[in-house]
Each structure stands twice: as structure tokens, then as C-alpha cells.
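Taking it in order: structure first as C-alpha cells, then the write-up.
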Amino acid sequence: MALGKETIQLKRKSFENEALPHMDALFRTALRMTKNDKDAEDLVQEAIVKAYRFWDKFEPGSNCRAWLFKIMTNIFINEYRSKSRSPVAVNVDEIDDNFLIGQLASDVNMEDPEKQLFAKVFDDDVKKAIENLPDDFRVVIILSFLEGFSYQEIAEIADLQLGTVKSRLHRGRKLLQKELYDYAIKNGYIKDLK
Amino acid sequence: MDCQEALELLYDYIDKEVSDIDEKQIKEHLSKCKDCFKMFKLENNINDFIETKLKNDNPLASLGDLKNRIMTKMDEIDSQSC
């Protein structure tokens, strides 16, 4: 398709002003999705280049950040998901909703339980716990916790029903809590209350 | 609002996804129910903890090279469009 030089320059300028500033955010999310630098860089590059190709489809004034995350999440789900090895399958349904809460309820120090539980958990431990989540849960958790997208935005970005977003966030949180709790016990940060 | 109704909205409340009416009713319930208050506070603290840790753990990778590669790809697209 032949475009005038001026049109191309305008397109380029508006993309550089509106889309490229989101590159850092796209990268930090890509890193949590793919779990390694190399794949994260490739994913971000593929997403931004694709966004540029389709820039005329972007509605000016709408949410550019969400639009870019939708493109990237879509590529991740379709192309990268199978590449990133998932850990041993977790039967999510078997996790007791009140697992952590039940454990903490028997703790003497209810005033500030998270201080005992998590005081010694490092940033890196949380990163590992997130990375251990099955892909479906990890994606919605990252979009919510790291990027602060609303349920509705996540539904649009990940192409899910609103109810699915809510249930995955709910189960993902429980899985994360269990993971962190087990980790803290395993490393002797806290005593097993059982 | 009873305990069960409040707990069903726990994460929606933490994520600020409840309606104004629900928010008001949850707050009313929490002011009267010590158990639910504890539960909401605990979950909220865990939520803040994970969010903070996750945001702290940000790679300080220099994205300069990546940006250059992307710009080069965009140049190619521009020249194809002429």
C-alpha cells in the first residue's frame, strides 16, 4: 500500500508518542509471563511491531495501554504458552479456600499475622511463587497486581468472560498464598501451625 | 448484609470493583462483625504485601537495545509503505 511520506511520518510520530512510552510496562509483564529475558524481549518486540502495523486500527482517544497489552497477551497465549514449561499440574479445585486463613486463625498474633508470615519472604520468593502459577492464572494475576487493570479491562485484554477473570483471580490468589506459605515453612521462616 | 454475602464480595471489595451501595453495606457489616473485619484486614494486608513485593522486583534491564531493534523494524515497515 503506498502512503505519502508525510502520512507515514505522522503515523510514526503518533505511535512513538502514544505507544512506545508503554514499552517498560510491557516488558516487566512480558518477563513475568515468559519467565526469561530473551523471550520477554522477543515478545515485546513482536507485540510492538504488530501494534505498529495495525496502528490505523487503533481508535484515537481510547485506552492505548490496554490495546497494547491485548496484542501482547494474545501473542503470548497463542505462541509462547506452550514454550514456557508449566510446573507440575496443580489441581486448583482441591485447594481449600480458607487454607491460609484457617492456618492464621490459630496463630496467637492475629493483630499482625502477615508480619510473622511474610516478614522474611524476599521479593525473589514472591517472583518464584508467581512464576510457579499455571499460565492461565499467572496472566490474570500479573495484569491485576502488577499493572492494575480492572476486571473489565483484563476480560478484554485476555479475551475472557468477566466471571472467568474473577474466578481465576480468586483461585490464583489462593494458589499464591499457599505457595508462599509452604515456602515460608520449608525455609523455616515460620513454624508449621498444623 | 450477612457474613456470607460480605465474604463473597471480599476480593471485589479489595480490588475496588464493588458498587457504591455494596461498599457502604460491606463497611456497615465490618463495623459490626469482628470476624469478618479480621478476615478482610488479613486478606487486604496479604494483597498489599504481594503487590508491593511484585512491584519492587522490577528488572533494571536496559531496554535501549530492544528499543533500537524495534525502531529498525518500524523503519522497514515505513519503507514498505511508501
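Per chain, numbering begins at 1; letters A, B, ... match sequence-line order.
Ion pair A:Glu41/B:Arg69 flagged as a salt bridge, since at least one NZ, NE, NH1 or NH2 atom sits closer than 4.0 Å to an Asp/Glu carboxylate oxygen. Using a cutoff of 4.0 Å between basic side-chain nitrogens and carboxylate oxygens, A:Glu147 and B:Lys55 are not scored as salt-bridged.
Between the CD atom in B:Glu17 and the OG atom in A:Ser144 there is a gap of 8.0 Å [rounded to 0.5 Å]. Here the NZ-OH distance, from A:Lys174 to B:Tyr11, works out to 3.5 Å after rounding to the nearest 0.5 Å. Here the CG-CD1 distance, from B:Leu54 to A:Ile130, works out to 4.5 Å after rounding to the nearest 0.5 Å. Put simply, CD1 on B:Ile46 and CG on A:Leu176 are 10.0 Å apart, with the number rounded to the nearest 0.5 Å.
Using a 4.5 Å cut-off between heavy atoms, B:Lys67 contacts chain A through both its backbone and its side chain. For A:Glu16, the part lying near chain B is the side chain, with the backbone staying farther off; criterion is any non-hydrogen pair under 4.5 Å. Residue contact with chain B, scored on non-hydrogen atoms closer than 4.5 Å, is absent for A:Ile141. Neither the backbone nor the side chain of B:Asp65 comes within less than 4.5 Å of any heavy atom of chain A.
Scored by the salt bridge (Lys or Arg N to Asp or Glu O under 4.0 Å) test, A:Arg53 finds no partners at all (sequence neighbours excluded).
Listed by sequence position, B:Met71, B:Lys73, B:Met74, B:Asp75, B:Ile77, B:Asp78 are the residues of residues 71-79 of chain B in contact with chain A, using a 4.5 angstrom heavy-atom cutoff.
Taking the side chain as every heavy atom from C-beta outward, A:Arg173 and B:Ile14 approach each other to under 4.5 Å. Contact annotation: the side chain of B:Asp12 approaches that of A:Lys166 to within less than 4.5 Å [non-hydrogen atoms, C-beta and beyond].
When hydrophobic clusters are built by joining Ile, Leu, Val, Met, Phe, Trp and Tyr residues whose side-chain heavy atoms come closer than 4.5 Å, directly or via intermediates, A:Leu162 is grouped together with B:Leu9. Note: the hydrophobic cluster containing B:Phe40 also contains B:Phe37 (ILVMFWY, side chain heavy atoms under 4.5 Å, direct or indirect links).
The number of heavy-atom neighbours closer than 6.0 Å to CG of B:Asp2, taken from other residues, nucleotides and ligands shown, is above 12. The number of heavy atoms from other shown groups lying within 6.0 Å of CG (A:Asn36) is above 12.
Of the residues considered (A:Tyr151, A:Phe15, A:Tyr52), A:Tyr151 shows the highest number of contacts with chain B, using heavy-atom pairs under 4.5 Å. Contact tally against chain B (heavy-atom pairs below 4.5 Å) for A:Gln152, A:Lys11, A:Arg12: the top residue is A:Arg12.
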- Message: Before you tell me yes or no, could you show the steps for A:Leu180 and B:Ile50 under side-chain contact (heavy atoms from CB on, under 4.5 Å), namely the whole-Å CA-CA distance, both residues' side-chain angles and the distance that decides it to 0.1 Å?
- Response: CA-CA 10 Å; A:Leu180 287 170; B:Ile50 292 171; 4.1 Å; yes
